[in-house]
Amino acid sequence: MSDLVKLPKAAVFGAANGVMFMTFFGMLWASIGIIGSHELGAPWLLVLSGIVTLTLLIGAISLFGKARNMNNAVTPNEREHWKKINRKFGLIFGLEGLAIFIASIICNITNHFEVFFPIMAIIVGIHFFPLAQLFRENFYYGTGVVLCILGIITFFLPMNATLGNVSLIATSTFIGFGSALTLWVTGLRIWITILKQLKQI
């Protein structure tokens, strides 16, 4: 019997949560990009972000529904295994939030808040490395690397730029849309992967 047949209910719930996280935080990053871009691409950037967010939200909800309808029995060992994973995930997520909070305080104190968003992207990227090991998902390594690279590149961009007749915050626009796209692609990948596995059960 293949591992796909043994796909546990908890794994589907976890994937649904993963898609939800990518959707929500991708939306937040897109908001940073939209605010930074001012009137550039309005209203289409907002419409496109809304469509992507709604699509992934539907995907997350559909996975929650599929998980609830699964009847495969969970052994005590499997239950304990997923409890440990959830605890480790909570620790990783909590440390990420703490690091972002500390970074925001330091940036404010030093009057360099303009570097906060690229630093936050790097922190978010780094937190994907332990997640990749925890969930045995190599794709997360790619997500982490891309977010870190986006953050580093942003340090070298001019703060402000003019495109046509629109003055925009170049750093916020770049890191906002770049990070949003990265998280959305990751969420889509999680959704598609689980759907393929469920079809093979």
Side-chain angles (χ1 to χ4, degrees), residues 7-70 85-86 89-90 92-93 96-97 100 116-118 120-125 127-128 131-132 134-135 137-151 154 163 166 168-201:
L7 184 67
K9 187 174 185 176
V12 182
F13 267 119
N17 280 317
V19 176
M20 189 69 77
F21 271 96
M22 302 304 166
T23 303
F24 176 71
F25 288 105
M27 179 184 67
L28 289 182
W29 279 111
S31 299
I32 293 171
I34 290 172
I35 292 172
S37 64
H38 293 163
E39 298 298 322
L40 184 67
W44 301 112
L45 289 176
L46 181 61
V47 172
L48 180 60
S49 297
I51 292 174
V52 174
T53 298
L54 181 60
T55 301
L56 288 176
L57 183 61
I58 291 173
I61 293 173
S62 70
L63 289 182
F64 278 121
K66 291 180 183 297
R68 290 192 185 94
N69 292 330
M70 292 177 70
I85 287 181
N86 288 333
F89 171 77
I92 294 169
F93 187 73
E96 176 202 23
I100 291 174
F116 172 64
F117 290 139
M120 183 168 69
I122 293 173
I123 292 172
V124 174
H127 111 287
F128 272 98
L131 288 184
L134 179 63
F135 293 112
E137 178 53 76
N138 291 331
F139 193 84
Y140 284 169
Y141 287 116
T143 301
V145 169
V146 171
L147 287 171
C148 289
I149 291 175
L150 288 173
T154 306
L163 191 59
V166 179
L168 50 89
I169 305 174
T171 51
S172 295
T173 302
F174 176 79
I175 196 66
F177 288 124
S179 298
L181 181 60
T182 303
L183 294 181
W184 283 337
V185 169
T186 303
L188 181 62
R189 203 263 184 183
I190 296 172
W191 181 17
I192 292 175
T193 299
I194 291 298
L195 286 180
K196 286 181 179 179
Q197 292 179 348
L198 288 173
K199 286 181 180 180
Q200 297 183 46
I201 293 179

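- T143 approaches T182 most closely through the heavy-atom pair CG2-CG2, 3.8 Å.
- The side-chain heavy atoms of F89 and I92, taken from C-beta on, include no pair separated by under 4.5 Å.
- Distance check, rounded to the nearest 0.5 Å: CD of E137 to OG1 of T193 gives 6.0 Å.
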Verdict with reasoning, F128 to V146, per side-chain contact (heavy atoms from CB on, under 4.5 Å): CA-CA 11 Å; F128 272 98; V146 171; over 6 Å; no

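- Residues forming a salt bridge (Lys or Arg N to Asp or Glu O under 4.0 Å) with E96 (at least two apart in sequence, or on another chain): none.
- Residues that satisfy the side-chain hydrogen bond (donor to acceptor under 3.5 Å, both in side chains) test with S172, not counting sequence neighbours, are absent from this structure.
- Put simply, the side chain of V185 reaches to within 4.5 Å of the side chain of F139, judged on heavy atoms.
- With rounding to the nearest 0.5 angstrom, the CG atom of L46 is 5.0 Å from the CD1 atom of I34.
- With rounding to the nearest 0.5 Å, the separation of CG in L131 from OH in Y141 is 10.0 Å.
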side-chain contact (heavy atoms from CB on, under 4.5 Å) between I190 and Y140, intermediate numbers included: CA-CA 10 Å; I190 296 172; Y140 284 169; 3.2 Å; yes

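- The ring-ring contact (aromatic ring centres under 6.0 Å, His included) check on F135 picks up nothing, with sequence neighbours excluded.
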side-chain contact (heavy atoms from CB on, under 4.5 Å) between L147 and I123, worked out: CA-CA 9 Å; L147 287 171; I123 292 172; over 6 Å; no

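- No side-chain heavy atom of I35 sits less than 4.5 Å from a side-chain heavy atom of I169.
- Taking 4.5 Å as the limit, some side-chain heavy atom of M120 sits within range of a side-chain heavy atom of I32.
- The two residues S179 and L150 come nearest to each other via the heavy atoms N-CD1, 3.7 Å.
- For T173, the side-chain contact (heavy atoms from CB on, under 4.5 Å) partners two or more places apart in sequence, or in a different chain, are S37, L168, F177.
- Side-chain atoms of T53 do not come within 3.5 Å of backbone N or O of G50 as any donor-acceptor pair.
- A121 and I175 get closest at one heavy-atom pair: CB-CD1, 3.6 Å.
- The ring-ring contact (aromatic ring centres under 6.0 Å, His included) search around F117 returns none, not counting sequence neighbours.
- The CG atom of L181 sits 13.5 Å away from the CH2 atom of W29 when rounded to the nearest 0.5 Å.
- Of the residues listed (T55, L56, V52), the one engaging L188 in a side-chain contact (heavy atoms from CB on, under 4.5 Å) is L56, and it is the only one.
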Kindly list each side-chain donor-acceptor pair under 3.5 angstrom involving residues 15-28, sequence neighbours excluded, with atom names and distances?
| unit_1 | atom_1 | unit_2 | atom_2 | d |
| --- | --- | --- | --- | --- |
| N17 | ND2 | F13 | O | 3.3 |
| T23 | OG1 | V19 | O | 2.7 |

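- Between K9 and R68, the shortest heavy-atom distance links the atoms NZ-O, 3.8 Å.
- Side chains of S49 and W184 form a contact here, defined as non-hydrogen atoms less than 4.5 Å apart.
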